[in-house]
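Quantities reported herein were computed from a predicted structural model and do not represent experimental measurements. Here is the naming used below: chain letters follow the sequence lines, and residue numbers restart at 1 for every chain.
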Amino acid sequence: MIAARQLGFRTQDTGVPLLRAVDLEIGTGERVALVGPSGSGKTTLALHLAGLHKLALLGETTGELLLAGQDCTASGATDFAGIVLQNPENQLFADTPEAEIELSLAHRQVPCPDPAAERDRFLSLFGLDTVRHQPLTTLSLGWKQRVSVASMLAMKPRLLVLDEPTNYLDARTADELFAELRRLSEERNLTVIVIEHDLERVLGWATRVVAMAAGAVVFDGSSVDYAAYLGDRWRAWPPAPPSREPGEALVRFAGVGHGYTRETHVLADMNLTIRAGEAVALLGPNGAGKSTLLHLLKGVLKPRSGSIEPSAEAERLDRLGLVCQNPDDQIFAHSVTEECAFLPRNLGVPETESLARTETMLARVALGGRGERFPFTLSYGEKRRLTLASVLVGQPALVCLDEPTVGLDFACLRQLASQITELCAAGVAVVFATHDRCFAERVASRFVELQGGRIVADQPNPAHGGAPCPVGR
Amino acid sequence: MPRRPLSVLHPGSLLLAFFAVSIYATLCNSVLALALLGLGLLALLATCSPSGKLLHVIFWLNLLGIPGSMVFFVAAGWEAAGSLPGALRWAIVPAALYTLRLECLVFANLVLVGTTTPRALFALGPRWLPSGFRTLLVTAVRFVPLTISEAIRIHQVQRCRGLRLRLWSLRTWLPVLIPLFLAQMRRAHETALMLVVRRVLPTMAPVGPRPGFRPADWLVVGCSAGACLLQLGLLITQA
């Protein structure tokens with residue numbers, strides 16, 4: 001079905017080779033996991049294999065690329081594959097989940113005999129029944145990701161490429177997605193290529209693993225062989241932090257409720273105390289209210305009911321740090337140092353001290369010596385580290401991290417785990433919202449589980465002192 | 001979900017009304033008529049913006065535009081009159097006229113975005129709108145609210161980093177404007193890719209039940225066409 005011979009790709013502007021002599025043949029019905037560290041060329045290769053390189057990339061493709069027997073090296077093929085990109089917001093066109101799937105069914109190559117039944121099937125498959133008429137603009141990123149995957153699957157493509165599809169999905173939905181992909185592959189002979197950092201999940205699903213590093217394929221074989229090839233490297237977490245007594249209370253929620261419109265309630269009757277030195281993992285399915293809770297903590301949102309102590313939002317804005325989901329929402333400066341020094345300057349810290357703090361913080365997140373670099377040219381993992389540094393440089397008493405593990409490879413993830421542990425040891429409280437339970441079990445001292453805007457469990461980390469984490473990246 | 005005012009109308013008649021308002025606002029030379037039109041559109045906008053956030057953003061963006069237009073006209077008047085009082089006398093009426101015109105066009109656009117859903121546009125057949133134009137409108141209708149919500153999100157993120165926006169200082173706006181601009185570039189690129197992958201381009205097939213054309217639609221189309229013709233007639237007579 002797909003044959004790549006000595007496939008190479010070089011960008012037009014910088015001339016950097018992103019793919020180097022890739023030889024690969026993928027047959028019909030195969031389930032391929034494309035793995036490797038950030039910046040190793042996985043997305044570039046996937047866009048080539050989907051025939052979309054001419055549309056999506058600017059540069060020169062060399063070698064030979066055959067898609068369904070046709071040479072597409074120079075021309076690409078726009079009707080060969082379906083693709084789901086990382087950011088669901090940029091691939092949806094309708095106003096509700098129902099309309100989005102209807103749009104896909106109307107444009108699929110093989111006409112659908114009963115569009116209404118097929119639409120309902122996809123809605124129920126991805127648990128979208130309850131939100132089928134809800135405006136997409138009011139849904140969380142996790143819900144939007146479900147809609148984008150469902151609408152692409154509804155088009156019945158011959159080849160489906162998914163670029164980190166579980167980034168914003170809760171564990172249950174991610175498992176359901178992979179089960180559906182397996183079923184489609186087995187029943188309809190659909191070829192599926194998934195780019196994923198979550199090795200545990202993807203190795204159990206794939207029939208073949210293609211691992212990349214620096215633009216070249218370094219491993220091509222079965223999941224079992226790949227697990228053996230890696231050995232213990234992919235489970236080697238840093239040692240779990242010793243359990244400590246939490247310190248003084250930093251923030252108190254008393255009966256807090258919030259909603260984005262008058263009719264909806266995102267959070268209801270929330271009672272929570274965050275103490276110094278704690279690492280609190282906020283867990284729960286998509287739309288449970290995790291991000292809203294972080295924004296309330298920080299003081300960006302005001303509670304509709306109840307109270308938060310300290311009540312002065314300005315005080316919380318200065319003493320608390322928030323690292324958002326997407327680093328691109330934050331980065332604007334012309335150098336890494338300027339980006340990092342933005343917060344202390346705004347807090348009125350003298351210039352010499354700002355720069356000294358910046359230098360120390362950049363070294364702590366392994367960005368030392370890159371202060372003069374243009375921040376937009378950093379890799380995704382480096383950008384995430386920069387956004388963390390640019391919040392920590394304000395020396396906050398409490399740090400909120402919104403989905404900090406999204407898009408990070410295992411090396412970056414391990415680094416993040418160490419950084420959180422260090423912060424807590426220094427008496428800083430860290431609250432992070434995540435779907436990655438394994439990461440939470442490795443790092444958090446306390447689990448707060450949300451469901452439907454309410455706390456359903458608030459307990460010490462069950463994995464601390466217990467059995468080792470059963471899953472890992 | 002509660003239905004918004006005007007969303008009961010046929011999307012085709014809404015589009016016609018939008019074009020009529022745009023033509024009227026461009027041709028009209030009466031400050032009073034434009035002010036009334038602007039107020040009417042603002043009232044409609046208030047009904048289509050359920051959270052009120054949209055209105056808030058629009059107000060601030062427009063406030064930025066008004067002094068900009070005034071300075072432009074005063075500068076032009078200075079050249080004509082040679083003094084500041086003369087320039088102000090010369091500039092005040094045309095500045096008000098053009099500012100109101102721009103405001104009306106902005107409000108009309110936002111009313112269209114607030115009252116037209118992509119789903120309503122999907123349902124229109126090629127008889128109403130060519131498919132390329134329909135795709136363009138669907139993308140535009142989604143683009144405005146997404147851009148506004150993105151701007152709010154980026155502002156929140158930068159506020160967390162101590163940013164305090166000052167209307168008169170462009171420097172304080174850069175931490176919001178630069179990530180927003182880059183996000184729009186990325187969105188445009190990925191949206192274009194997905195339009196092709198999802199086969200919406202080159203031909204968008206009509207999706208969903210066709211909307212009916214009711215007496216209210218005839219009234220809207222009639223009024224829009226009448227206002228445009230009247231304005232054209234006035235212009236021709238004056239000429």
Side-chain angles (χ1 to χ4, degrees), chain A residues 50 52 55-56 78-79 81-83 85 87 89-96 98-99 102-109 133-137 151-152 155 157 260-263 295 298-301 317-318 320-322 324 326 328-333 342-347 376 390-391 394, chain B residues 1-2 50-53 116-123 135 138-139 141-142 145-146 148-150 152-164 172 174-183 186-201 203-208:
Chain A
L52 297 170
L55 261 180
T78 53
D79 55 353
I83 190 165
L85 302 171
N87 188 350
E89 281 189 336
N90 298 348
Q91 42 201 322
L92 303 174
F93 303 103
D95 37 356
T96 62
E98 189 182 87
E102 279 174 359
L103 183 72
S104 288
L105 292 172
H107 289 93
R108 86 183 189 187
Q109 262 177 340
H133 299 302
Q134 209 163 310
L136 281 169
T137 45
S151 53
M152 193 46 79
M155 295 201 70
Y260 292 102
T261 60
R262 277 179 205 150
E263 300 83 29
H295 283 86
K298 173 69 184 166
V300 176
L301 296 176
L317 277 170
D318 285 352
L320 275 58
L322 173 69
C324 57
N326 185 356
D328 293 326
D329 281 352
Q330 176 179 321
I331 293 172
F332 76 97
F342 184 66
L343 175 61
R345 279 177 188 156
N346 284 332
L347 291 175
F376 300 101
S390 58
V391 166
Chain B
M1 218 178 73
S51 66
K53 252 183 190 169
T116 316
T117 59
R119 191 172 199 175
L121 291 169
F122 291 152
T135 313
V138 166
T139 320
V141 160
R142 266 186 56 72
L146 272 176
I148 290 171
S149 68
E150 200 143 35
I152 292 168
R153 195 177 67 221
I154 292 172
H155 176 228
Q156 278 183 352
V157 169
Q158 302 295 26
R159 234 183 96 204
C160 295
R161 298 172 71 204
L163 176 75
R164 300 289 176 269
T172 65
L174 289 180
V176 176
L177 293 178
I178 292 174
L180 186 64
F181 175 73
L182 292 173
R186 210 167 18 248
R187 163 160 305 133
H189 177 70
E190 290 189 0
T191 303
L193 176 69
M194 293 314 288
L195 279 171
V196 175
V197 173
R198 293 186 64 186
R199 299 194 196 99
V200 177
L201 279 178
T203 7
M204 182 194 265
V207 183

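- In this structure, CZ on B/Arg161 lies 11.0 Å from CZ on A/Arg345, to the nearest 0.5 angstrom.
- By the 4.5 Å heavy-atom criterion applied to side chains, B/Ile178 and A/Phe376 are counted as neighbours.
- Within the 4.5 angstrom heavy-atom criterion, only backbone atoms of A/Ile331 (N, CA, C, O) approach chain B.
- Distance check, rounded to the nearest 0.5 Å: CZ of B/Arg187 to CD of A/Glu89 gives 6.0 Å.
- Contact of the B/Val197 side chain with the A/Met152 side chain is registered, since non-hydrogen atoms from C-beta on lie closer than 4.5 Å.
- Between atom CG of residue A/Leu85 and atom CG of residue B/Leu193 there is a gap of 6.0 Å, rounded to the nearest 0.5 Å.
- Counting heavy-atom pairs closer than 4.5 Å to chain B, the top residue among A/Leu92, A/Asn326, A/Leu105, A/Leu52 is A/Leu92.
- Going from atom CG of A/Asp329 over to atom CD of B/Gln156 covers 10.5 Å, rounded to the nearest 0.5 Å.
- The parts of B/Thr191 that come within reach of chain A are both its backbone and its side chain, each placing non-hydrogen atoms under 4.5 angstrom from that chain.
- Between A/Asp328 and B/Arg186, the closest heavy-atom pair is CB-NH2, 3.4 Å.
- Across B/Leu174, B/Val176, B/Ile154, B/Leu146, the residue that shares the most heavy-atom pairs under 4.5 angstrom with chain A is B/Ile154.
- From B/Arg198, atom CZ reaches atom CG of A/Leu103 across 5.0 Å, with rounding to the nearest 0.5 Å.
- Put simply, the side chain of B/Glu190 does not reach to within 4.5 Å of the side chain of A/Gln91, judged on heavy atoms.
- Here the closest heavy-atom approach between residue A/Ala56 and residue B/His189 is recorded as O-NE2, 3.1 Å.
- Heavy-atom distances place both the backbone and the side chain of B/Leu163 under 4.5 Å from chain A.
- Nearest heavy atom pair, residue B/Met194 against residue A/Asn90, reads CG-O, 4.1 Å.
- Of the listed residues (A/Gly394, A/Ser151, A/Pro344), the greatest number of heavy-atom pairs within a distance under 4.5 Å of chain B belongs to A/Ser151.
- Separation of atoms CZ (A/Phe93) and CG (B/Leu121) is listed at 14.0 Å; rounding is to 0.5 Å.
- Contact tally against chain B (heavy-atom pairs below 4.5 Å) for A/Ile83, A/Leu322, A/Val391: the top residue is A/Ile83.
- At least one side-chain heavy atom of B/Val157 sits less than 4.5 Å from a side-chain heavy atom of A/Cys324.
- Contact of B/Leu182 with chain A is made through the side chain alone, with heavy-atom distances under 4.5 Å.
- With a 4.5 Å cut-off on non-hydrogen atoms, A/Ala50 does not touch chain B at all.
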